[in-house]
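These notes are about the structure you will find just below.
In each ligand, atom 1 is the first atom listed, and ligand 1 is the first ligand listed.
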Amino acid sequence: MKVTIENVSKSYGKKQALKGVSFEMENGVYGLLGPNGAGKSTLIRILVGVMEASGGEVYMNGRNRKSCAREYRSKIGYLPQSLGFYPEFSGLDYLRYVAALKGLAGEKAEQKITDLVNQVHLTEDIRRKAITYSGGMKRRLGIAQALLNDPEILILDEPTAGLDPHERIKFRNLVSIFSRDRTVLLSTHIVTDIDSISKQTVMIKEGKVGRMGTNQSFVEAMNGKVWLMKMTVDELVDFQNSRIISNVLPLGDRMEVRVVSAEKPAKDAEPAQPNLEDAYLYEFESIGRASGEAFQI
Ligand SMILES: Nc1ncnc2c1ncn2[C@@H]1O[C@H](COP(=O)(O)OP(=O)(O)OP(=O)(O)O)[C@@H](O)[C@H]1O
Ligand SMILES: [Mg+2]
């Protein structure tokens with residue numbers, strides 16, 4: 001299944017949340033990476049069809065979505081950024097409810113639910129109230145409901161928000177397995193959610209696609225732009241205001257500072273092997289903010 005997003009824009013009143021976004025997806029995991037407010041959820045809601053774009057088109061295998069809206073919707077599975085549960089619903093009640101909404105019923109629905117619950121490792125807890133689940137379990141229940149209609153396209157909006165590292169890894173593996181013969185779009189602002197599983201990453205900022213490519217291409221483009229330097233805490237306080245800093249490591253009485261910079265930041269700076277996080281910082285030019293997050297006095 002090929003999905004083409006062509007020049008999609010969206011305004012909320014005066015606020016232009018999407019400014020002509022275009023890209024294409026076909027099988028595999030696509031990462032939609034961008035900071036808070038970049039327009040990820042807006043784009044996803046338009047893609048899923050729960051919100052109208054102000055301009056632009058979405059095509060499915062070359063056909064305009066508007067001409068095949070019902071078929072398109074039946075092929076999509078969607079995990080929204082926040083998922084609410086009725087307090088009295090068990091995990092099983094919830095899945096039966098969503099199955100009914102998706103037009104699945106009877107033995108077929110029960111079989112599908114049993115299989116999915118097993119795949120997302122919720123069999124033991126499925127009769128318990130969903131609101132008592134941990135964050136990770138809720139997300140896994142969320143992915144199960146998104147898969148009830150055997151979607152060809154799976155769209156996950158910040159699926160790992162609030163998960164601990166263990167649940168995050170489990171979730172990532174689950175997505176990777178499901179993506180074998182499906183198209184998955186996963187939005188996140190956490191680079192490690194996608195650096196090992198996504199085929200392509202779409203970087204979105206301020207409603208525009210910045211760059212798009214394989215993770216390897218992003219990393220390669222950073223060659224010669226990542227440096228290691230040693231400095232004191234006092235020096236770092238000044239330095240971080242004018243530089244992109246991707247990591248700080250205490251090293252004896254000094255700090256080893258990882259700097260993202262097109263030019264060599266100082267005579268004694270040593271070149272370092274770049275990673276996707278460096279590319280993300282470089283793309284979003286989070287000067288000051290990134291360093292503030294990495295290092296606080
Ligand atoms: N219903 C709305 N009314 C007005 N402005 C909105 C609305 N929804 C989103 N916005 C604005 O549009 C921009 C994009 O929001 P969106 O939720 O798509 O971003 P996001 O990338 O999903 O962010 P986050 O990482 O915080 O989920 C933001 O500036 C946001 O404040
Ligand atoms: Mg969002």
- Distance-only polar pair, side chains of K102 and N149, donor-acceptor under 3.5 Å: yes
Can [X] and [Y] be counted as an ion pair, charged N to O under 4.0 angstrom?
X	Y	value
D150	K112	yes
E158	K40	yes
E71	R63	yes

- Task: Not counting sequence neighbours, list each pair that qualifies as a ring pair (Phe, Tyr, Trp, His ring centres under 6.0 Å) and has a residue in residues 80-105.
- Result: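 Found F85-Y94, Y86-F89, Y86-Y97, F89-Y97.
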- Message: Please report the interatomic distance OG(S9) to CG(L18), rounded to the nearest 0.5 Å.
- Response: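 The CG atom of L18 is 7.5 Å from OG of S9, to the nearest 0.5 Å.
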- How many angstroms lie between atom CG of L281 and atom CG of N275, to the nearest 0.5 angstrom?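 Reported to 0.5 Å precision, the distance equals 9.0 Å.
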- Message: Please give me the protein atoms (N, O or S only) lying under 2.8 Å from the Mg ion (ligand 2), ordered by chain and number.
- Response: S41 OG, Q81 OE1
- Message: Going by side chain to side chain donor-acceptor pair (under 3.5 Å), name the pairs with one or both residues in residues 249-262, residues two or more places apart or in two chains.
- Response: R243-S261, S246-R258, R258-D278
- Applying a heavy-atom distance cut-off of 4.0 Å, which protein residues contact ligand 1?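 The answer is Y12, K15, A17, P35, N36, G37, A38, G39, K40, S41, T42, Q81, E158, counting any residue whose heavy atom sits under 4.0 Å from ligand 1.
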- Of the options L141, D125, V117, I126, which is the one that meets L92 in a side-chain contact (heavy atoms from CB on, under 4.5 Å)? I126
